[in-house]
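Before any comments, here is the structure.
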Amino acid sequence: MYDRVHAALEACYREAVSRGFLPETPLPSAHQIVPSKQTEHGDFASNLALTLAPVLKRPPRSIAETLKDLLTNDPLFERVDVAGPGFINFFVSRDAWAQQAASIHAHGDQYGESQEGEGKRVLVEFVSANPTGPLHVGHGRGAAVGDSLARILKAAGYRVETEYYINDVGNQMRTLGASVYLRYQEILGRTIDFPADYYQGDYIRDIANKILAEQGERYLDVPQEECLPYFTSEAVREISKGIRKDLEDFDVSFDSWFSEARLHEEGIVEQTIRELRDSGHIYEQDGALWFRTTAFGDEKDRVVRRSNGVLTYFAADMAYHRHKLERGYDILVDIWGADHHGYVPRISAVVQALGHDNNRLRVLLVQFVSLIEGGIAKGMSTRSGEFVTLRAVLDDVGPDAARFFFLMRKADSHLDFDLDLARKQGQENPVYYVQYAHARLASVARNAQEAGYLPLVPENVDVGRLSGADDIALIKLLDAFPRTVAESARAMEPHRVTFYLTELASFFHGYYTRSRFIGDDPDLTRARLLLAEATRRVIRKGLGLLGVSAPTHM
RNA sequence: GCGCCCGUAGCUCAGCCGGAUAGAGCGCCGGACUUCGAAUCCGUAGGUCGGGGGUUCGAAUCCCUCCGGGCGCACCA
């Protein structure tokens with residue numbers, strides 16, 4: 001409907017120009033049509049006259065009146081008003097809204113999708129937790145945001161792939177293997193000195209026990225240096241297995257898993273350094289190699305290879321982003337924990353130094369999660385090792401509540417995750433509130449089926465009967481769905497879909513209390529069942545974009 | 001000290017590329033089940049949008065400044 005109003009206004013503007021009522025001038029970029037907040041202001045409002053006024057040097061109300069006179073003949077509108085300082089308010093006719101229900105219904109399961117993304121290729125990289133321990137709630141939020149964003153981008157017409165980058169190289173791997181080795185020794189009765197900066201979690205002991213069960217005591221007297229590769233690879237294998245299982249149970253999947261080791265093995269890191277050195281972006285100083293990131297606005301230059309010859313993590317990151325760019329994506333989305341925000345300028349520098357436009361990189365920063373139980377925050381500081389795992393939350397509240405809660409806030413803001421609320425199975429819990437709307441609609445469908453109304457034959461449904469204020473209001477909400485998804489994709493903000501669904505469910509529950517779908521009037525019943533079916537599909541589709549199930553029974 | 005993010009109802013937060021009378025959920029209080037699912041609905045109360053200044057027809061939204069909170073500032077990963 002938005003598009004139709006926009007088209008009508010534009011056509012009217014062109015007509016005003018051609019008839020000499022208004023001088024020729026391009027539409028101001030500040031011009032926009034927005035849904036009206038108040039019913040007195042109609043369905044949509046345009047600020048065209050306001051934005052045109054300074055250019056044309058004419059009072060905005062006078063411009064608005066000129067346009068209004070040309071719009072009043074359009075049958076799409078019941079009325080067009082000029083209001084306030086010069087807004088043009090559009091009152092779409094009831095019949096046009098009612099007919100919109102048929103159009104929404106006709107789109108079936110595709111309703112909500114759009115071509116906003118114009119087929120652009122996007123790589124969404126997220127989670128990418130080091131295989132040195134289980135996923136915690138912070139990763140869980142990143143997983144929910146990344147996976148949901150990918151689904152939303154797809155629905156909005158982007159060609160999307162998802163990827164998990166595995167940091168399986170470097171000192172941390174050594175530390176991981178050594179941690180398991182020491183625990184293995186400890187279990188077998190040796191006195192050990194376990195360093196504070198080694199991995200403290202119980203899962204390290206579990207892995208040591210597993211090795212003991214499978215391999216026995218054969219490594220007891222083998223020097224650490226000799227069997228470290230074995231302990232490391234076993235640990236990575238076990239931990240990765242756990243991470244994959246957690247993600248699978250969270251309904252998060254990746255198109256590819258990209259190993260950092262591969263960047264080194266295939267010489268991509270060295271090649272990237274050479275290339276950037278040749279182009280003058282990397283220089284040598286004090287025996288180390290530096291990337292001149294300050295040339296692109298970073299605070300200071302960054303070391304790529306230390307004077308002792310060891311490559312930094314940044315070196316691999318550089319190579320990884322180069323590799324991603326060369327795979328031909330139009331947009332790279334990196335989803336990081338907000339504590340990494342200081343790394344944005346240097347990665348941005350990499351993209352630019354390689355000759356790419358800076359806006360091909362989009363970094364989403366996901367803020368930390370505080371788990372609240374009994375009104376107080378559960379500890380999750382990493383230094384004490386007392387962080388709460390994603391697994392624990394999944395086992396506690398279930399994947400649907402977890403995903404919904406992770407997506408209730410803008411990714412950029414702190415999230416207080418209320419465990420007590422997430423566990424509740426009542427109206428206070430927003431995820432059940434939305435799911436219940438779906439289950440209710442499914443129940444209506446079952447009753448309609450029994451009464452012989454289903455399946456509907458759309459051609460035989462008189463949607464013109466959907467003329468009540470509630471019917472129209474519900475249609476308007478459904479009408480906003482594709483724009484919500486498109487906007488959510490454009491802004492890369494999945495939480496908008498969560499808010500939309502809560503609003504839709506809220507209105508639906510009220511509608512359900514006030515109006516009957518199945519009543520004495522067969523024609524009205526059929527029209528409302530068509531509306532019910534459209535509503536149910538929107539809720540199911542919306543929940544699907546969040547990765548939340550849409551139950552038919554609860 | 002420098003940089004980034006955040007201060008909106010009792011609590012948790014939307015709204016922020018400037019638009020008309022600032023919203024939601026939770027919590028509190030009071031109502032509604034003989035008819036499609038009460039995991040629901042209806043109603044009441046609740047605000048100097050952190051303070052101050054600026055930009056303009058118009059500021060929660062943009063700019064400056066101050067206050068308060070979070071995070072980051074390695075030849076670490």
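Numbers restart at 1 for each chain; the letters A, B, ... are given by sequence-line order, proteins then strands. Owing to the predicted nature of the structure, the values given are computational and were not obtained by experimental measurement. Excluded from the calculations below are hydrogen atoms, water molecules and symmetry mates; all remaining heavy atoms, backbone and side chain alike, are included.
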Taking any heavy-atom pair under 4.0 Å as a contact, classify [X]: base, sugar-phosphate, or nothing.
X: A:Phe499; answer: sugar-phosphate
X: A:Arg302; answer: nothing
X: A:Glu503; answer: nothing
X: A:Thr498; answer: nothing
X: A:Ala83; answer: base
X: A:Asp286; answer: base
X: A:His509; answer: sugar-phosphate
X: A:Leu50; answer: base
X: A:Ala437; answer: nothing
X: A:Asn47; answer: base
X: A:His414; answer: sugar-phosphate
X: A:Ala439; answer: base
X: A:Arg490; answer: base
X: A:Val363; answer: nothing

Going by salt bridge (Lys or Arg N to Asp or Glu O under 4.0 Å), name the pairs with one or both residues in residues 530-539 of chain A, residues two or more places apart or in two chains. A:Glu533-A:Arg537

With [atom1] as the reference atom in both, quote the distance from [N] to [M] in angstrom, rounded to an integer.
N: B:C57; M: B:G72; atom1: C1'; answer: 42 Å
N: B:C5; M: B:A39; atom1: C1'; answer: 37 Å
N: B:C13; M: B:G54; atom1: C1'; answer: 29 Å
N: B:C17; M: B:U35; atom1: P; answer: 48 Å
N: B:G58; M: B:C41; atom1: C1'; answer: 39 Å
N: B:G68; M: B:C26; atom1: C1'; answer: 25 Å
N: B:G46; M: B:C28; atom1: C1'; answer: 10 Å
N: B:G7; M: B:G47; atom1: C1'; answer: 14 Å

Once you round it to whole Å, what is the distance between P of B:C16 and CG of A:Asp412? 14 Å

Atom CG of A:Asp298 to atom C1' of B:C2: distance rounded to whole Å? 13 Å

Among [options], which nucleotide has an atom closest to any side-chain atom of [X]?
X: A:Arg440; options: B:A38, B:A20, B:C13; result: B:A38
X: A:Glu299; options: B:G72, B:C42, B:C75; result: B:G72
X: A:Asn130; options: B:A77, B:G37, B:C13; result: B:A77
X: A:His341; options: B:G15, B:A39, B:C4; result: B:C4
X: A:Arg514; options: B:A39, B:C42, B:G27; result: B:C42
X: A:Arg496; options: B:G37, B:C16, B:G72; result: B:C16
X: A:Arg409; options: B:G19, B:C4, B:C13; result: B:C13

Is a donor-acceptor contact shorter than 3.5 angstrom present between the side chain of [X] and the base of [N]?
X: A:His340; N: B:G72; answer: no
X: A:Tyr343; N: B:A77; answer: yes
X: A:Asn89; N: B:A20; answer: yes

Residue whose closest nucleotide on RNA chain B lies nearer the 5' end, A:Arg516 versus A:Lys300: A:Arg516

RNA chain B: A:Val444 or A:Gly84, which has the more 5' nearest nucleotide? A:Gly84

Just jot down the side chain to side chain donor-acceptor pair (under 3.5 Å) partners of [X], sequence neighbours excluded, or say none.
X: A:Ser488; answer: none
X: A:Thr294; answer: A:Asp301
X: A:Glu284; answer: A:Arg277

[X] side chain near [N] phosphate (N/O to OP1/OP2, under 4.0 Å):
X: A:Lys410; N: B:U12; value: no
X: A:His495; N: B:G15; value: yes
X: A:Ser413; N: B:A14; value: yes
X: A:Lys37; N: B:A20; value: yes
X: A:Thr513; N: B:C41; value: no
X: A:Arg61; N: B:C57; value: no
X: A:Tyr433; N: B:A24; value: no

Donor on one side chain, acceptor on other, A:Tyr320 and A:Glu163, under 3.5 Å: yes

Would you say A:Ser413 and A:Arg409 are linked by a side-chain donor-acceptor pair, where the criterion is simply a distance under 3.5 Å? no

Does the ring of A:Phe87 meet both stacking tests against the six-membered base ring of B:G19: centre distance under 5.5 Å and plane angle under 30°? no

Donor-acceptor contact below 3.5 Å, side chain A:Ser443 vs main chain A:Ala439: no

May I ask you to check whether [Y] and [X] place their ring centres under 6.0 Å from each other?
X: A:Phe91; Y: A:His41; answer: no
X: A:Phe126; Y: A:Tyr164; answer: no
X: A:Phe517; Y: A:Tyr511; answer: yes

How should the glycosidic conformation of B:C33 be described, syn or anti, under the criterion that syn lies within 90° of 0? syn

Write out the stems for RNA chain B, ordered by first number and formatted as range with range, counting runs of at least 3 consecutive Watson-Crick or G-U wobble pairs under 3.5 Å. B:1-7 with B:67-73, B:10-13 with B:23-26, B:29-32 with B:40-43, B:50-54 with B:62-66

Heavy-atom side-chain contact between A:Tyr500 and A:Val485 under 4.5 Å: no

Acceptor/donor pairs from residues 307-315 of chain A side chains to any protein atom, 3.5 angstrom cut, sequence neighbours excluded:
unit_1	atom_1	unit_2	atom_2	d
A:Asn308	OD1	A:Val310	N	2.9
A:Thr312	OG1	A:Val303	O	3.0
A:Thr312	OG1	A:Val304	O	3.2
A:Thr312	OG1	A:Phe314	N	3.4
A:Thr312	OG1	A:Ala315	N	3.4
A:Tyr313	OH	A:Asn167	OD1	2.8
A:Tyr313	OH	A:Asn167	ND2	2.9

